[in-house]
Amino acid sequence: MDSNFVLVRQIPPGIRLLRAVRGRDWTLKTYRYATLLVTFIAYACYHASRKPSSIVKSVLDPDPLNRPLSGNDPFPWPIGNVFIEEQGQNSSPLSESSRKGWEPFNGKDGTSKLGEIDVAFLSCYSLGMYVAGHLGDKLDLRLFLTSGMVGSGIFVALFGMGYLWNVHVFWFYLAMQMVAGLFQATGWPSVVAVIGNWFGKRKRGLIMGIWNAHTSVGNISGSLLAAAVLSCGWGWSFIVPGAFIVLGGVLVFLFLAPYPEDIGFTHRQLMATDENGRDVEGQNRGGEQGGNDGGGGASVPGPCGSGLRTSVGLLEACFIPGVIPFALCLFFSKLVAYTFLYWLPFYLSQTAIGGHFMSVKSAGNLSTLFDVGGIVGGILAGYISDRLKARAITAASFMYMAIPAMLLYRWYGSVSQTLNIVLMMIAGLFVNGPYALITTAVSADLGTHSSLRGDSRALATVTAIIDGTGSIGAALGPLLTGFLSTRGWNLVFVMLMLCALIAGLLLTRLVIAEIAEKADRPMPGSKQGREAPASQPLLGNLYKNTD
């Protein structure tokens with residue numbers, strides 16, 4: 001198939017219905033808010049469906065000390081009974097099964113098998129990302145994202161059905177996770193491409209930092225949801241989140257417009273809004289009249305959203321300045337983040353905090369506070385990078401700060417529950433901050449880089465390269481943790497701190513270039529202003545506004 005082709009997309013049925021009921025159209029600003037909301041919900045569903053495996057680890061492979069699922073922990077935390085269950089040890093119908101575990105994960109190699117399940121999912125996810133990103137730049141993103149969400153929900157639920165069907169074959173669970181990983185790969189390149197299509201670079205870091213809270217919101221909701229139904233059987237911790245992501249797919253099919261042109265907005269209108277902040281009324285769009293923007297601007301699709309799109313190949317996208325350094329940085333950054341994502345509840349349930357062990361359900365609920373810190377970190381990193389206009393400096397600084405944060409959490413997190421919570425949230429802030437920044441604002445910046453020439457877009461492809469590379473690290477982290485944790489958690493934290501250091505060092509060249517660019521920035525009208533700064537060849541106008 002030729003890489004240059006005309007793709008005819010239909011206006012989403014939900015938007016057509018709202019137009020008919022309302023009698024008039026929304027403004028561009030309203031459509032942008034709606035796009036943020038729909039994509040936020042969509043990716044929160046993706047992450048919610050990934051969280052159950054971390055919650056049920058201690059049920060599938062119980063602690064040798066036979067700690068209960070919902071034990072009578074010695075004291076309630078000030079929030080109340082959110083993190084501590086006051087039920088007796090034998091009050092849960094799963095008490096007996098939780099002590100025995102679930103074959104084939106309750107043997108001597110159970111922890112390793114759980115690590116293999118994680119790495120199987122994330123390996124298929126990372127490999128599928130490269131294909132999904134390229135397809136996302138070619139296909140209708142609305143249908144592509146919908147199919148990915150529905151497929152993910154089915155196979156996540158099928159993993160949980162192994163409990164109801166009494167399946168004890170390791171390969172069944174491995175296969176379900178692998179297929180689910182392939183479907184999950186459709187999500188991130190698609191939602192970042194959609195947001196990049198609707199928003200220019202003006203305050204992109206802050207907007208995407210806030211929007212990227214969907215990752216932590218999904219983790220939190222997935223943890224709470226999986227823990228809430230855990231007493232009904234561990235399988236329901238997968239079935240219920242699987243059903244939610246299917247419902248999210250229906251929402252995307254009804255209401256997501258991947259490109260502004262699909263509903264009649266012109267490229268010139270988007271640029272004008274980004275530059276002066278004024279909104280554009282929906283009734284005045286040239287696209288709905290089947291015309292063009294006039295004045296020699298870019299051609300505007302008709303009402304059905306047909307338009308000429310140019311797809312960029314994987315190799316060409318790799319040569320965009322900054323893609324490879326940020327992709328390698330994300331490899332180690334995501335390794336750290338996903339180790340916490342998959343193993344923090346397990347770590348909490350097997351670590352004495354204030355001299356006491358907490359139940360599996362309490363550990364799952366408590367682990368959500370790591371993601372609360374991650375929400376703050378993502379927003380803060382986006383805001384700082386916008387203010388400094390320095391993505392690499394911001395990302396590297398956060399990675400370096402994550403090292404002492406994790407060290408303090410390991411050393412003093414067991415002193416008391418309150419101190420554990422404070423240090424956990426601080427660690428989440430610095431771990432998730434650069435991860436959020438690179439996978440959102442940086443990916444969108446590079447996907448609309450000036451080297452792509454003209455109106456070419458490679459948002460999904462670039463996002464897939466960066467996040468796909470990061471996901472390989474995400475697969476490696478939980479796998480190594482499964483082996484290292486059997487030899488002591490100190491080794492796990494040493495690995496995490498070393499990876500954070502490497503992630504920061506990988507951006508050194510870009511950090512130096514950003515510093516040099518700021519130091520050499522000439523005064524307006526000076527002779528130096530007519531010469532290219534020394535850092536220009538390295539950065540390649542990395543953050544130049546090309547929207």
Side-chain angles (χ1 to χ4, degrees), residues 6-46 48 136 139-153 186-187 190-200 207-208 210-211 213-214 217-218 221 243-274 277-294 299-307 309:
V6 175
L7 177 65
V8 178
R9 297 177 297 269
Q10 298 295 321
I11 298 175
I15 292 179
R16 289 203 304 267
L17 178 62
L18 289 174
R19 283 179 174 179
V21 171
R22 193 167 180 260
R24 60 191 180 92
D25 205 2
W26 285 340
T27 63
L28 173 60
K29 185 177 182 180
T30 303
Y31 271 115
R32 280 177 159 169
Y33 285 144
T35 302
L36 282 173
L37 178 62
V38 173
T39 52
F40 185 99
I41 294 173
Y43 210 68
C45 290
Y46 271 103
L139 304 177
D140 186 332
L141 283 171
R142 178 173 64 92
L143 300 180
F144 187 59
L145 188 58
T146 299
S147 62
M149 295 181 72
V150 173
S152 296
T186 61
S190 300
V191 295
V192 172
V194 171
I195 295 300
N197 291 333
W198 277 94
F199 291 89
I207 291 171
M208 285 192 155
I210 297 172
W211 171 76
H214 54 51
V217 169
S221 58
F244 269 87
I245 192 173
V246 171
L247 292 176
V250 174
L251 177 70
V252 167
F253 176 79
L254 293 176
F255 295 103
L256 181 64
Y259 299 98
E261 306 97 282
D262 290 355
I263 47 181
F265 288 107
T266 70
H267 182 62
R268 172 166 294 186
Q269 288 171 322
L270 293 174
M271 291 178 63
T273 306
D274 290 335
R278 292 198 304 269
D279 201 2
V280 181
E281 288 295 333
Q283 294 90 336
N284 296 328
R285 295 197 305 273
E288 288 189 346
Q289 299 167 4
N292 57 46
D293 65 348
S299 61
V300 180
C304 291
S306 62
R309 312 286 312 175

(message) Tell me the closest heavy-atom pair linking Arg142 and Leu256, and the distance in Å.
(response) CD-O, 2.9 Å
(message) How about CZ on Phe244, more than 12 heavy atoms from neighbouring residues, nucleotides or ligands closer than 6.0 Å, or not?
(response) no
(request) Of all the heavy-atom pairs spanning Met149 and Cys45, show the shortest one and how long it is. (result) CE-CB, 4.2 Å
(request) Heavy atoms only: give me the nearest Arg19-Asp25 pair and the separation to one decimal. (result) NH2-OD2, 3.1 Å
(request) Find out whether Phe255 and Leu18 are in side-chain contact, i.e. whether some heavy atom of one side chain is under 4.5 Å from a heavy atom of the other. (result) yes
(message) Among residues at least two apart in sequence or on other chains, which ones pass ring-ring contact (aromatic ring centres under 6.0 Å, His included) with Tyr43?
(response) Tyr46, His47, Trp188, His214
(request) Please report the shortest heavy-atom distance between Pro260 and Asn197, naming the atom on each side. (result) CG-O, 3.5 Å
Pairs of donor and acceptor atoms involving the side chains of residues 35-42, under 3.5 Å and at least two apart or interchain, shall be tabulated with distances.
residue : atom : partner : partner atom : Å
Thr35   : OG1  : Tyr31   : O            : 2.8
Thr39   : OG1  : Thr35   : O            : 2.7
Thr39   : OG1  : Leu36   : O            : 3.2
Thr39   : OG1  : Trp211  : NE1          : 2.9

(request) For Leu145 and Ser190, work out which heavy atoms get closest and say how close. (result) CD1-CB, 3.9 Å
(request) For residues Leu141 and Ala193, report the shortest heavy-atom separation together with the two atoms involved. (result) CD1-CB, 4.0 Å
